2 protein chains.
Amino acid sequence: MLQNGNYEAILGRIPTYIAFLENYKDIYISATIIANELNYGEVMVRKDLAKISVGGRPKIGYTVEKLLNDLKTYMGYHHETRAVIVGMGRLGEALYHYKGFKPYHIKVVAAFDMHNKYDHMDQFESICKSNQIDIGIITVPKEHAQAVCDLMIKNQIKAIWNFAPVVLDVPKHIIVQNENMANSLAILTKLTNDRWHES
Amino acid sequence: MLQNGNYEAILGRIPTYIAFLENYKDIYISATIIANELNYGEVMVRKDLAKISVGGRPKIGYTVEKLLNDLKTYMGYHHETRAVIVGMGRLGEALYHYKGFKPYHIKVVAAFDMHNKYDHMDQFESICKSNQIDIGIITVPKEHAQAVCDLMIKNQIKAIWNFAPVVLDVPKHIIVQNENMANSLAILTKLTNDRWHES
DNA sequence: TAGATTGTTAATCGATTAACAATC
DNA sequence: TAGATTGTTAATCGATTAACAATC
């Protein structure tokens, strides 16, 4: 999951609500049921829903269809987002082929690498110019991450999803989200050791 | 990054401090410098360090070597953690081969899949029995995630790093950390749209 | 009607930031 | 000494939880 908490907490939950509702076969849904299924606090879910949708009825709940649509609108699913990915090692390939992005109207326009069957970096500028790219995904080795990042910004990319374990230096209008696998696992390890060993 | 905030915020920063200090070539380091380099608040860094280490000296700062050691001890880097991974699709392979876990004393003991060159699921029980496994990594398709999870718990695995987009049902003493790529990207997309388009 | 559920207002909790004293 | 830095105490801020009124 996202490592930082530099965004409103509610944003981390909405995609989970959406995924749950996509598979929910009924006309109405209550905050109570959602909370139980997702192991969230009941009041928290109710507040989340109230913030984003309207029309929940006492004793009945929300219409699944309307709630789902409101949640998707809030998250911007109806607006296509274009991305490019740079660095087609194993992780880059895994992301490139990942099916789970489909519902989000995210289109990976190009996948770049120096060496293989993907788009060559020579074409980076021209591909960015002919498509308006919103998000750049960085999956190169850490030595090259800053250079790739600079190139992305030079080509009007607005946000960066960074899998390289480095702190990128960017102008402050650029949004960076760091996804650091080693850090995530380190945290889980720490929590596990605390719970099961010392203390 | 980790998506949930169901752990102390400081835990998300310590691995970043460690990685920074590993590459810092000097004897002393101050909270001020760390904060500037990592784009954190100065006071926050000072508080983090004070919580975990001792011996920072006014005007001088901390000894890099001692601070680094204290941070690593706190995170449990000195204690070997054993993991298994189930589901060797592209993402499973990427994680299995990922170099970044090395410094954390995490050992991936086995990698399971039904179909290919990795360990076969038939051997799951026996491998878990002869090694004491701390963490199970789930990278199977979502349809199989709960079954894999159940099997892990049955074999005394204590914590689960779950990449499948499902809410796992586990006894409450088991630690689950969800890593949902689609959710992460959805959040970044939302933040980007908010900043650059509507509003 | 009684009970489930929504929605709102107040309280709590934790994390971050601000202010400042201590120290090398 | 003066200034940089630590460490502490108080204030702020945001998110979650609790309490409760409204409603179908």
Side-chain angles (χ1 to χ4, degrees), chain A residues 1-17 20-21 24 26-68 70-71 74 187 190-191 194, chain B residues 1-17 20-21 24 26-68 70-71 74 187 190-191 194:
Chain A
M1 307 179 139
L2 303 170
Q3 195 160 296
N4 308 330
N6 55 348
Y7 54 85
E8 281 184 291
I10 187 176
L11 286 186
R13 294 187 294 264
I14 300 173
T16 307
Y17 296 145
F20 172 71
L21 291 172
Y24 192 74
D26 203 344
I27 299 181
Y28 297 104
I29 183 76
S30 71
T32 314
I33 292 174
I34 295 177
N36 289 338
E37 292 293 326
L38 304 180
N39 296 316
Y40 287 157
E42 194 176 320
V43 183
M44 187 177 75
V45 173
R46 189 163 296 123
K47 275 214 152 141
D48 285 351
L49 303 189
K51 183 170 183 178
I52 288 163
S53 191
V54 289
R57 289 156 68 197
K59 179 119 184 205
I60 295 172
Y62 291 80
T63 314
V64 172
E65 194 185 340
K66 172 155 175 19
L67 178 58
L68 197 44
D70 287 347
L71 290 166
Y74 183 84
I187 293 166
K190 160 73 173 158
L191 293 173
D194 284 356
Chain B
M1 314 170 135
L2 301 172
Q3 195 160 293
N4 307 331
N6 54 348
Y7 53 85
E8 281 183 291
I10 188 178
L11 285 185
R13 294 188 293 266
I14 301 174
T16 306
Y17 296 143
F20 172 71
L21 291 173
Y24 192 74
D26 203 346
I27 298 182
Y28 296 105
I29 184 76
S30 71
T32 314
I33 293 174
I34 295 177
N36 289 340
E37 292 294 325
L38 303 179
N39 294 315
Y40 287 157
E42 192 177 320
V43 184
M44 187 176 73
V45 173
R46 189 162 298 123
K47 274 214 152 146
D48 286 350
L49 302 190
K51 183 171 184 177
I52 289 163
S53 192
V54 290
R57 289 155 68 196
K59 179 119 186 211
I60 294 173
Y62 291 80
T63 314
V64 173
E65 194 186 340
K66 170 151 176 20
L67 178 58
L68 197 44
D70 287 348
L71 290 166
Y74 183 83
I187 293 165
K190 161 71 173 160
L191 293 173
D194 284 356

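Please read all numbers here as calculations on a predicted model, not as lab measurements. Lettering of chains follows the sequences in order, A, B, ..., and the numbering in each one begins at 1.
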>> At less than 3.5 Å, do the side-chain atoms of Lys47(B) and the base atoms of dT6(D) form a donor-acceptor pair?
In response: no

>> With a 3.5 Å cut-off and heavy atoms only, can you find an N or O donor on one side and an acceptor on the other between the side chain of Lys51(B) and the base of dT16(C)?
In response: no

> Which listed nucleotide (dT17(C), dT5(D), dT16(D)) is nearest to the side chain of Val43(B)?
Replying inline: dT17(C)

> Between dT16(C), dT6(C), dG7(D), which one does the side chain of Arg46(B) approach most closely?
Replying inline: dG7(D)

Rounding to a whole Å, what distance do you find between [X]:[atom1] and [N]:[atom2]?
X        : N       : atom1 : atom2 : value
Leu67(B) : dT6(D)  : CG    : P     : 10 Å
Ile14(A) : dA15(D) : CD1   : P     : 12 Å
Leu49(A) : dT5(C)  : CG    : P     : 13 Å
Tyr40(A) : dA18(D) : OH    : P     : 18 Å
Asn36(B) : dA4(D)  : CG    : C1'   : 13 Å
Met44(A) : dC13(C) : CE    : P     : 17 Å
Ile10(B) : dA15(C) : CD1   : C1'   : 11 Å
Asn39(A) : dT17(D) : CG    : P     : 13 Å

>> Between Tyr17(B) and Leu67(B), is there a side-chain heavy-atom distance shorter than 4.5 Å?
In response: no

>> Judged by each residue's nearest nucleotide on DNA chain D, which is more toward the 5′ side, Glu42(B) or Ala9(A)?
In response: Glu42(B)

> Considering Watson-Crick and G-U wobble pairs with both distances under 3.5 Å, what does dT23(C) pair with?
Replying inline: dA4(D)

>> Any strand counts, and the cut-off is 3.5 Å on both contacts for Watson-Crick or G-U wobble. Which nucleotide pairs with dT9(D)?
In response: dA18(C)

Which heavy atom of [X] sits nearest a heavy atom of [Y], and at what distance?
X        : Y        : result
Gly12(A) : Tyr7(A)  : N-CE1, 4.0 Å
Val64(A) : Asp26(A) : CG2-O, 3.4 Å
Glu42(A) : Ala35(A) : CA-CB, 3.6 Å
Tyr24(B) : Tyr28(B) : CE2-O, 3.5 Å

> Among Asp70(A), Thr63(A), Asp48(A), which residue meets the side chain to side chain donor-acceptor pair (under 3.5 Å) test with Ser53(A)?
Replying inline: Asp70(A)

> Does any residue of residues 56-65 of chain A have a heavy atom under 4.0 Å from DNA chain C, and if so, which ones, in number order?
Replying inline: Gly56(A), Arg57(A), Pro58(A), Lys59(A), Gly61(A), Tyr62(A)

>> Between Lys51(B) and Glu8(B) (salt bridge meaning N to carboxylate O under 4.0 Å), is one present in this structure?
In response: yes

